[in-house]
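Structure first, commentary second.
When reading the values below, keep in mind they use all heavy atoms of this one structure, side chains included, and skip hydrogens, waters and symmetry mates.
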Amino acid sequence: MNMSRGLWNLAGKVLKGTLNKKFEYSFEDFDIDSIEGPVFVVTNHVCAWDPVLIGFAIQERQLAFVASEHTLRMPKYGKLMGKFLDVIPHKKAGGGTGSVRECLQRIKKGESIFIASEGEQTWDGRTKPVVNSTGKLIKKSGATLVTMRIDGGYLAKPRWAENTRRGKIYVHHVNVYTPEQLASMSPEEVNDAINRDIYFDIWEWQREAEADGGMYKYIPAEGGLAEGLERMMYICPMCKALGTLKSHGDEIECACGFKTRFTETGFLDPAEPFETIAEWSDWQDDLLGKMIEQDGTRGTVNSGADGDGEFAEAGGASTEMFSNEGFVLSEIANDHTERKVADGKLALIRSNADTDGVEGNKLYIDVAGARFELSEISAMAMILANRIVFSANDLYYEIKPHDLKGRINLRKYLVAWQKSRESANNTEEV
């Protein structure tokens, strides 16, 4: 362990007060120290506080935390977090061989490890499937698998939000799988077991609570409940414009007249056209996917306030589907150092004709002239709500805004990449 047991215990005492002040936090009385040998703790990924929420719930067992490598690049807290939380750095959208190798080495030494195996925290309050390599890693480690679940954490600190909200968070274990049990399971069966154990839908959980007497409420100490929601939502449900949504207080609205309120229970008021932001997100992502599948005869946007806008007819050699100003593209080396590649406008561009030797109807992410075809990007993810990381041509890159506290929506670029891959896969299967 990089961190002493004494420091681990001290961290627990300090964080206990912080958790109690910020949230209505509680956890199951689970004796993890009764398990002999190293343990792999796997949980759903609900918010940036997950390592603390889990670590304190099972403080008897000291853990190393698999976390995004960007934590070590944070200017003020990188070195502190690397020591304080004993981070095993992982490239969210890069090859995971380094982190896998370190996990296996740590387990061999008898250490225990925490991993949020979805790969990134939920945007909409619903658990995503685990990363495919998870089952293989856990089987190979020979460690005991403990699945745990965090209930309610999403509404206490939504990924897109600027504030925390005081409300119910409950941490509990779901299952324990011995090394002998895991040895008899295939990697796919291990993944299936984890997916069953850690799956959580915040909206169904709230509906069940309502049936039992009342939904849980989440109340911020300061700021509004909807502030920052435009980091997640990028298409207006009424006018279908892109980039025109603005949040203030508990509400998010569009210039067309659309307005809805994010309530203390997380549901939208009014409940039409969508009762939850999960339903809204599914709808907008599907709409963007349809535009990605277009053949180039459509695809520009009528500009919104932040450089985005409504999809409209297009023509010409290339079209800018949407864009945002003020971004830096950096190449990230294996030692976590950064090299600036470009600085300027970020855009999603479609080439509509064979011009200048470029094949038509291709989609690119462009940062001030540094251009990457979406099909050549092997992996892409987001860090919180304000950075994009991706791998292309065996290199690892990060796109981040000049203003990390701004409310620019970057998620649409990630969804565009995801939908383009889905479209390409569907075409190959036909």
Side-chain angles (χ1 to χ4, degrees), residues 1-4 8 35-43 45 50-51 54-55 61-74 78-121 128-148 177-183 185-191 193-194 198 331-339 377-381 383 389-398:
M1 279 288 175
N2 292 338
M3 177 170 45
S4 69
W8 173 264
I35 300 173
E36 295 185 2
V39 172
F40 241 118
V41 176
V42 179
T43 185
H45 200 355
D50 290 352
I54 292 293
R61 180 65 62 105
Q62 191 171 351
L63 302 173
F65 297 88
V66 178
S68 171
E69 60 82 33
H70 89 279
T71 57
L72 303 181
R73 292 189 283 114
M74 296 170 65
K79 291 183 179 180
L80 180 63
M81 290 190 67
K83 185 176 182 179
F84 199 65
L85 287 181
D86 194 7
V87 171
I88 297 175
H90 174 71
K91 291 181 178 179
K92 292 173 71 70
T97 55
S99 57
V100 167
R101 185 166 52 249
E102 184 168 354
C103 284
L104 293 175
Q105 291 172 349
R106 295 287 196 104
I107 291 290
K108 189 175 182 179
K109 293 177 181 177
E111 299 178 15
S112 295
I113 292 172
F114 163 87
I115 184 170
S117 54
E118 295 166 77
E120 64 172 337
Q121 69 191 72
K128 295 172 56 180
V130 300
V131 176
N132 286 335
S133 59
T134 303
K136 183 178 180 180
L137 168 62
I138 290 174
K139 274 182 61 69
K140 190 173 182 179
S141 74
T144 298
L145 168 63
V146 175
T147 54
M148 301 189 70
Y177 300 88
T178 66
E180 293 74 22
Q181 288 175 302
L182 294 169
M185 301 165 67
S186 69
E188 294 74 21
E189 288 173 331
V190 176
N191 285 340
I194 295 173
I198 70 172
E331 180 187 331
I332 310 300
N334 290 333
D335 62 359
H336 312 297
T337 56
E338 305 177 22
R339 181 183 70 85
I377 296 176
S378 57
M380 181 181 287
I383 296 171
V389 288
F390 66 95
S391 294
N393 304 316
D394 297 323
L395 295 174
Y396 189 61
Y397 297 93
E398 179 184 76

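Pairing each heavy atom of Ala193 with each of Met185, the nearest pair is CB-CE, 4.1 Å. For the pair Ile198 and Val42, the tightest heavy-atom approach, listed with the atom from each and the gap, is CG2-O, 4.0 Å. Closest approach of Ile113 and Leu63 over heavy atoms only: N-CD2, 4.2 Å. Of all heavy-atom pairs between Glu36 and Thr144, the closest is O-OG1, 4.3 Å. Considering every non-hydrogen atom in both His45 and Glu120, the closest pair reads CD2-C, 3.4 Å.
Each of Val130, Leu137, Asn132 was scored for a side chain to side chain contact (heavy atoms under 4.5 Å, CB included) with Thr134, with one residue passing: Val130.
The shortest side-chain heavy-atom distance between Leu145 and Ile194 falls under the 4.5 Å cut-off. Contact annotation: the side chain of Phe114 approaches that of Thr43 to within less than 4.5 Å [non-hydrogen atoms, C-beta and beyond]. The shortest side-chain heavy-atom distance between Glu102 and Pro89 falls under the 4.5 Å cut-off. Side-chain contact between Leu182 and Val190 is present, with at least one heavy-atom pair separated by less than 4.5 Å. Proximity of Asn334 to Lys91: side-chain heavy atoms (C-beta onward) are separated by under 4.5 Å at one or more points. Residues Ser141 and Phe40 form a side-chain contact, since some pair of their non-hydrogen atoms from C-beta on lies under 4.5 Å apart. Using a 4.5 Å heavy-atom threshold, the side chains of Lys92 and Ile383 count as touching.
Atom CG of Leu104 sits about 11.0 Å away from atom CD1 of Ile138, to the nearest 0.5 Å. Note that CZ of Arg106 is 4.5 Å distant from CD1 of Ile88, once rounded to the nearest 0.5 Å. Between the OH atom of Tyr396 and the OG atom of Ser378 there is a distance of 10.5 Å, given to the nearest 0.5 Å. Between the NZ atom in Lys139 and the CD atom in Glu189 there is a gap of 8.5 Å [rounded to 0.5 Å]. One finds the OG atom of Ser133 at 11.5 Å from the NZ atom of Lys140 (value rounded to the nearest 0.5 Å).
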When you look at Glu188 and Asn191, which way does the side chain to side chain contact (heavy atoms under 4.5 Å, CB included) test go after all the steps? CA-CA 5 Å; Glu188 294 74 21; Asn191 285 340; 5.5 Å; no
Take Ser391 and Ile377 through the test side chain to side chain contact (heavy atoms under 4.5 Å, CB included) and record every step on the way to the result. CA-CA 6 Å; Ser391 294; Ile377 296 176; over 6 Å; no
Test side chain to side chain contact (heavy atoms under 4.5 Å, CB included) on Val131 and Ser117 and set out the steps. CA-CA 6 Å; Val131 176; Ser117 54; 5.8 Å; no
Please step through side chain to side chain contact (heavy atoms under 4.5 Å, CB included) for the pair Val41 and Ile54, ending with a clear verdict. CA-CA 9 Å; Val41 176; Ile54 292 293; 4.0 Å; yes
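Proximity of a side-chain donor or acceptor of Arg61 to a complementary backbone N or O of Gly55 within less than 3.5 Å is not detected. Formation of a donor-acceptor pair under 3.5 Å by the Ser112 side chain with backbone atoms of Pro38 is not found in this model. Remark: side-chain polar atoms of Asp335 are paired, donor with acceptor, to backbone N or O of Thr337 under 3.5 angstrom.
Of the charged side-chain nitrogens involved, none lies within less than 4.0 Å of a carboxylate oxygen, so that Lys128 and Glu118 do not count as a salt-bridged pair.
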